[in-house]
Amino acid sequence: MSQSVTTAVFERWVRNFAQLIADNREHLSELDAAIGDADHGSNMDRGMKAAVAALDESPPPNAGGASGPLFGTMFIRMGGSLGTTDDTLAAGDVAAALRAGLGGVVDRGKPAPGDKTMYDALAPAVDALERSLADDGSLATALTAARDAARTGRDATTPMLARKGRASYLGERSIGHMDPGAASVALLIEAAADAAADAAADAAAEAADATP
């Protein structure tokens, strides 16, 4: 399979993520209600509507809440890593962008493994992506591995004691509740995996059509 990705795939990724966030808006806010202020889903939905509006060149709304700056920093770092000059990027560039995004989250929020934050889903996803690519996996395969790692990391936040953010104020009462930021990260990586799989399927179909 191709080890490159076009900017059209990134646009599909953003739109997929926006749709997943919209579909899970109430669930994300319910997760946040247990350990936060019950606005994570609405804030993420507003932020992703802003991203889609930017793609459509229409006036965007703004994202808020505690996660807004963290996700915003992540996307800014990812965009800075990718640059704007090439229409086609290598699979390694995708991994480098997510690694840069993770670095932005760390710089902004100073999370550590086990703090019960988005980091607990994002870090293992990036690690899995890099490992799969290093093993000569296709981008679609690597993003599927990253998706699975993000889901595992998301689920692992449930028994954790929150040590960062508003949830940390609850102390032991934060135990038993999934972190909504980690849940959103899992949706982000799921959207990327779906976009890459769709692109790979489209490429295979085009190749089949071109075969005499």
Leu161 vs Ser174, side chain to side chain contact (heavy atoms under 4.5 Å, CB included): CA-CA, chis, key distance, verdict = CA-CA 6 Å; Leu161 173 71; Ser174 66; 3.8 Å; yes

message: For a side chain to side chain contact (heavy atoms under 4.5 Å, CB included) check, start with the C-alpha distance between Leu139 and Leu143, then their side-chain angles and the critical distance, and finish with the verdict.
response: CA-CA 6 Å; Leu139 180 59; Leu143 282 169; 3.9 Å; yes

*May I have the step-by-step check of salt bridge (Lys or Arg N to Asp or Glu O under 4.0 Å) for Asp45 and Lys49, ending in yes or no?*
CA-CA 6 Å; Asp45 188 36; Lys49 280 183 169 62; 2.8 Å; yes

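Under the 4.5 Å side-chain heavy-atom criterion for Ile, Leu, Val, Met, Phe, Trp and Tyr, Phe71 and Ile76 are members of distinct hydrophobic clusters. No chain of hydrophobic side-chain contacts below 4.5 Å, direct or via other Ile, Leu, Val, Met, Phe, Trp or Tyr residues, connects Ile35 to Met160. Residues Leu129 and Phe75 share a single hydrophobic cluster, defined by chaining ILVMFWY side chains whose heavy atoms lie under 4.5 Å apart.
No salt bridge links Arg154 with Asp179; every basic N to acidic carboxylate O contact stays at or beyond 4.0 Å. A salt bridge is defined here as a Lys NZ or Arg NE, NH1 or NH2 lying under 4.0 Å from an Asp or Glu carboxylate O, and Asp155 with Arg151 fails to meet this definition. The pair Arg12-Asp194 does not count as a salt bridge, with every side-chain nitrogen at least 4.0 angstrom from each carboxylate oxygen.
In this structure a side-chain-to-backbone donor-acceptor pair under 3.5 Å is missing from Asp93 to Leu89. Under a 3.5 Å cut-off, the side chain of Trp13 and the backbone N or O of Ala196 do not form any donor-acceptor pair. Here the side chain of Asp115 pairs no donor or acceptor atom with the backbone of Lys164 at under 3.5 angstrom. Ser168 contributes no side-chain N or O that, together with a main-chain N or O of Arg163, makes up a donor-acceptor pair within less than 3.5 Å. Thr144 places a side-chain N or O within 3.5 Å of a backbone atom of Ala140 that can act as its donor or acceptor partner. Panel note: side chain Ser81, backbone Arg77; no donor-acceptor pair is recorded below 3.5 Å.
Rounding to the nearest 0.5 Å gives a distance of 10.5 Å between CG of Asn16 and CG of Leu188. To the nearest 0.5 Å, the span separating CG on Asn24 from CD on Glu30 amounts to 10.5 Å. Summarising the geometry, atom OG belonging to Ser184 is positioned 9.0 Å from atom NE2 belonging to His27; distances are rounded to the nearest 0.5 Å. Here Leu70 contributes atom CG and Arg108 contributes atom CZ; the two are 7.0 Å apart, rounded to the nearest 0.5 Å.
In summary, the side chains of Thr141 and Ser138 do present a donor paired with an acceptor at a separation below 3.5 Å, with no hydrogens or angles considered. Between the side chains of His177 and Thr158, not a single donor N or O lies within less than 3.5 Å of an accepting N or O.
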If you look only at distance, which donor and acceptor atoms sit under 3.5 Å apart when one is on a side chain in residues 118-127 and the other is two or more places apart or in another chain?
{"unit_1": "Asp120", "atom_1": "OD1", "unit_2": "Gly114", "atom_2": "N", "d": "2.7"}
{"unit_1": "Asp120", "atom_1": "OD2", "unit_2": "Lys116", "atom_2": "N", "d": "2.9"}
{"unit_1": "Asp120", "atom_1": "OD2", "unit_2": "Thr117", "atom_2": "N", "d": "3.0"}
{"unit_1": "Asp127", "atom_1": "OD1", "unit_2": "Arg99", "atom_2": "NH2", "d": "2.8"}

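Using a 4.5 Å heavy-atom threshold, the side chains of Val105 and Pro111 count as touching.
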